[in-house]
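Note that the structure is a prediction, hence the values are computed from the model and not measured. Naming: A, B, ... by sequence-line order, numbering from 1 per chain. Side-chain atoms are counted along with the backbone in the values below, which use heavy atoms only and exclude waters and symmetry mates.
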Amino acid sequence: MDKKETQFTSTELQTLAELIFPNWQKLPSLEELDKRYPKRELPFGAIVNRVAPSPTGMMHIGGLYVALVNRRLAKQTQGVFFLRIEDTDQERAVVGAYETIVNSLADYGLSPDEGPMHNSDGEIVEEGNYGPYVQTSRKEIYHACAFDMLKRGAIYPCFMTKEELDKQREEQQKLEVRTGVYKEWALGRYLSFQEIESKIKAGIPYVLRLRALGEIDKTISWEDEIRGTLTVPENIVDTVLIKSDGIPTYHFAHLVDDHFMRTTHIIRADEWISSVPLHLQLFSAMGWEPPFYTHVSAIQKMAETGKRKLSKRHDPEASVSYYWENGFPRQAVIEYLLNLANSEFEDWRRVNPTSDYTEFRISLGKMGQAGPLADLIKLESISRDILSRMPIEALYKVSYAWAFTYDKELAEEMAKDPLYSQRALDIERDSEKGAKRLSTLKDLRPQLAPFFDHFLPPANELPFPDNVKAEDRKAILELVKERFKDSDPPEQFFENLKLISAELGFAGAVKDFKKNPQMYKGHVGDVASIVRVAMFGSTRSPDLGQVLKVLGNQTVVNRCNRAISVN
RNA sequence: AGGGUGUUAGGCAAGUGGUUAAGCCGCCAGUCUUUCAAGCUGGUAAUCGCGGGUUCAAAUCCCGUACACCCUACCA
């Protein structure tokens, strides 16, 4: 292949460009675009960044992670964080995915400053002066840039078919040379003006490729704030910039959008590292100043029998929706992610238990370079802390919101008397011990539901321990029924229980029982168990005295009677 | 195959030449105790992927190697 690349005159280039973009006169000029999207006036050091997901299905937890890091960084520097929808691949587009992205970000408190977001009526609208923020609506901007590059010969039309490309790749593999469209393998570079003109006029489909200027034996470097200086070979591949349907590829959209949206920092998943040479080359081809690139390791693995990639198809925890479904409060997920980003966050949190997480300053340089495994157990621990720290009103609110979707039965009961539920949820929370009874909202069932008669097991299925005889059990409950008053302080309950124990031949103190077990029927703990099961339907409960106080006189009497009725 | 990124206890992770390699989660034990949690106290566990080298001294620097993942699409 000793052919020579075709050299075009500027007139030929102009003619071709106009042929390719027949509407060229309607396209904005680069100068116009520059005016339409002026440099942002922001404080020195302000970071403008974005998250740019594709609407291809569920929202990935990694996407939320990247969004969190970007947003924090922008906020910390009085910059701008925007959302752009990368929908250039219509084949993979999924109906509803766009809404999922906007809603997920909103749910997690990560709504952008610009881009698609909810208005006060809850409708999705686009805000911001640098839009549109959905790529398929930006066609004329891409075309304007492509037109400019065409005129300069920086890109060229390529008519190679899928079959030709496949065949060429096979040949390259056989020859053990690098695969791809580059140098002499880039057939489009050798087409004459006439050939191109007639093919276009004949309606043969084509793409627009970059005329790559890189050399394979040269390298290019940039400073990645997480990884330091990265040095990689220059790009030599004539990458497709505009697809045959006129829509740009990711790379071209990135160039155009992040330039005119005035993005200063690209903070994205590390799968993009290998594309940086191309991207730098693109900016250079336009004579534009490139943004800073830094790459975060995606959360993508999980432990089981080994390590493997966190798969969209097989690992439900890859989806953002999984966490709320499984009762993790949003804030727990955010703080877990934040801790993954900067592990010193948890030290900060310990010192500042009540501060908003946004007061913590995140730092790119302190982010890990390795891809972390999703650690649900750690998440659960964080969730437990957060749930225990929440003011009771907030806890009720999040509990009800969760139950409303995932435990309708319970939500119905809760709604009947919110204050009652709050008092039930609040048991032991303000004590010295700082009880943490809820790890996730799924624990609402064992912790809250027993306060409602509706959820108690049938009387004959109450799990009474068999070390206390039925007659003693009934006697205990009769006395509780008689003596319990919800106006007494909760500590009083246990004092009463000791007296009841003594009256019925049980030891009032466990120690006494242990000393002389033969002298007693059992001890106050056994007596408490009977009451617990009768009142809570379970052998485990929060502080009994407080439980009874919340239940109230009438319910205590009812539940005693109910339990007494069985043999 | 070529290019790239990574590899510190069960998991997350500090640490960038110099005392016994932080901390959190988990796990185990003790303690508290009317149950279960929580709390408190203590414990467990890493020859820093492996092999060389540089150095008085290396998890930290250099070389090699293994493994994992990413890219090499008209997907992002």
- Query: How would you label the contact of A/L379 with the nucleic acid (heavy atoms, under 4.0 Å): base, sugar-phosphate, or nothing?
  - Reply: nothing
- Under 4.0 Å between any heavy atoms, over every strand shown, what does A/T88 touch: base, sugar-phosphate, or nothing? Just pick one. sugar-phosphate
- For residues 216-241 of chain A, pull every pair meeting ring-ring contact (aromatic ring centres under 6.0 Å, His included), keeping only residues two or more places apart or in separate chains. none
- Message: Among B/rG4, B/rU5, B/rU34, which nucleotide has an atom closest to any side-chain atom of A/F494?
- Response: B/rU34
- Task: Please work out if A/S274 contacts a base, only the sugar-phosphate, or nothing of the nucleic acid, heavy-atom cut-off 4.0 Å.
- Result: base
- B/rU5, B/rC70, B/rA14: which one has an atom nearest the side-chain heavy atoms of A/S343? B/rA14
- Taking the six-membered ring for Trp, are A/H254 and A/Y293 ring centroids under 6.0 Å apart? yes
- From A/D87, A/D258, A/D257, residue fulfilling salt bridge (Lys or Arg N to Asp or Glu O under 4.0 Å) relative to A/R138: A/D257
- Query: Quick one: does A/K378 reach the base of B/rC24 with a side-chain donor-acceptor pair under 3.5 Å?
  - Reply: yes
- Just checking A/R268: base, sugar-phosphate only, or nothing, at a heavy-atom cut-off of under 4.0 Å? nothing
- Query: With a 4.0 Å cut-off on heavy atoms, is A/R349 in touch with a base, just the backbone sugar-phosphate, or nothing at all?
  - Reply: nothing
- Item | Distance between P atoms of B/rG42 and B/rA22 (Å, rounded) | 16 Å
- Query: Taking the C1' atom of each, how far is B/rC50 from B/rG11, in whole Å?
  - Reply: 23 Å
- Message: Tell me the closest heavy-atom pair linking A/I427 and A/V550, and the distance in Å.
- Response: CD1-CG2, 3.9 Å
- Message: So does A/S538 get a backbone contact from the side chain of A/R532, meaning a donor-acceptor N/O pair under 3.5 Å?
- Response: no
- Message: Heavy atoms only, 4.0 Å cut-off, all strands: where does A/V207 land among base, sugar-phosphate and nothing?
- Response: base
- Name the stems that RNA chain B belongs to, where each is three or more consecutive Watson-Crick or G-U pairs with both distances under 3.5 Å? B:1-7 with B:66-72, B:10-12 with B:23-25, B:27-31 with B:39-43, B:49-53 with B:61-65
- Item | Contact nearer the 5' end of RNA chain B, comparing A/G180 with A/H251 | A/G180
- Item | Atom P, compared across B/rA68 and B/rU8: separation rounded to whole Å | 15 Å
- Task: Have a look at A/S541 and say if it touches a base, only the backbone sugar-phosphate, or nothing, with a 4.0 Å heavy-atom cut-off.
- Result: base
- Query: With sugar-phosphate meaning primed atoms plus P, OP1 and OP2, does A/M535 contact a base, only sugar-phosphate, or nothing at under 4.0 Å between heavy atoms?
  - Reply: nothing
- Query: P atom, B/rA58 versus B/rA21: distance in rounded Å?
  - Reply: 14 Å
- Which one, B/rU35, B/rC74, B/rA76, comes nearest to the side chain of A/E86? B/rA76
- Item | Same-atom distance (C1') from B/rU55 to B/rG43, integer angstrom | 38 Å
- Message: Suppose we call a contact any N or O donor and acceptor under 3.5 Å apart; does that hold for the side chain of A/E346 and the base of B/rG23?
- Response: yes
- Which nucleotide sits closest to the side chain of A/L544: B/rA37, B/rC74, B/rU34? B/rU34
- Task: Classify the angle between the aromatic ring planes of A/W185 and A/Y182 as parallel (below 30°), tilted (30 to 60°) or perpendicular (above 60°).
- Result: tilted
- Item | Test side chain to side chain contact (heavy atoms under 4.5 Å, CB included) applied to A/E346 and A/L338, A/N339, A/I382, the passing residue | A/N339
- P atom, B/rG26 versus B/rC12: distance in rounded Å? 15 Å
Write out a two-atom table: protein N or O, nucleotide N or O from nucleotides 26-29 of chain B, distance below 3.5 Å.
residue, atom, partner, partner atom, Å
B/rG26, OP1, A/R384, NH2, 2.9

- Query: If only side-chain N and O atoms of A/K366 are considered, is one of them under 4.0 Å from the OP1 or OP2 phosphate oxygen of B/rA13?
  - Reply: no
- Determine, answering yes or no, if A/Y250 is stacked on B/rC75 under the 5.5 Å centre rule and the 30° plane rule. no
- Using the C1' atom in both, what is the distance from B/rU54 to B/rC63, to the nearest Å? 10 Å
- Message: Counting the atoms with a prime plus P, OP1 and OP2 as sugar-phosphate, which does A/R532 contact under 4.0 Å by heavy atoms, base, sugar-phosphate, or nothing?
- Response: base
- Task: Could you tell me whether A/S54 contacts a base, only the sugar-phosphate backbone, or nothing, with contacts defined as non-hydrogen atoms closer than 4.0 Å?
- Result: sugar-phosphate
- Query: With sugar-phosphate meaning primed atoms plus P, OP1 and OP2, does A/P446 contact a base, only sugar-phosphate, or nothing at under 4.0 Å between heavy atoms?
  - Reply: nothing
- Task: Look at the side chain of A/W272 and decide which nucleotide, out of B/rA37, B/rU5, B/rA76, has an atom nearest to it.
- Result: B/rA76
- Mind running ring-ring contact (aromatic ring centres under 6.0 Å, His included) on A/Y322 and A/F328 for me, showing each step along the way? CA-CA 9 Å; A/Y322 168 90; A/F328 292 101; 7.1 Å; no
- Does A/S297 place a side-chain N or O at less than 4.0 Å from the phosphate oxygens OP1/OP2 of B/rC69? no
- Message: Test salt bridge (charged side-chain N to carboxylate O under 4.0 Å, His left out) on A/E503 and A/R483; report intermediate values, then the result.
- Response: CA-CA 13 Å; A/E503 283 175 43; A/R483 298 182 192 173; 2.8 Å; yes
- Can you tell which of B/rA76, B/rG6, B/rU35 lies closest to the side chain of A/R227? B/rG6
- Message: Keeping A/R84 on the side-chain end and A/R50 on the backbone end, is there a donor-acceptor pair under 3.5 Å?
- Response: no
- Would you indicate which nucleotide in B/rC36, B/rA73, B/rC12 comes nearest to any side-chain atom of A/D375? B/rC12
- Task: Would you indicate which nucleotide in B/rU72, B/rC12, B/rC75 comes nearest to any side-chain atom of A/T179?
- Result: B/rU72
- Looking only at atom P, what distance separates B/rC62 and B/rC70, rounded to whole Å? 27 Å
- Message: Any base atoms under 4.0 Å from A/D543, or only sugar-phosphate, or nothing? Heavy atoms, all strands.
- Response: base
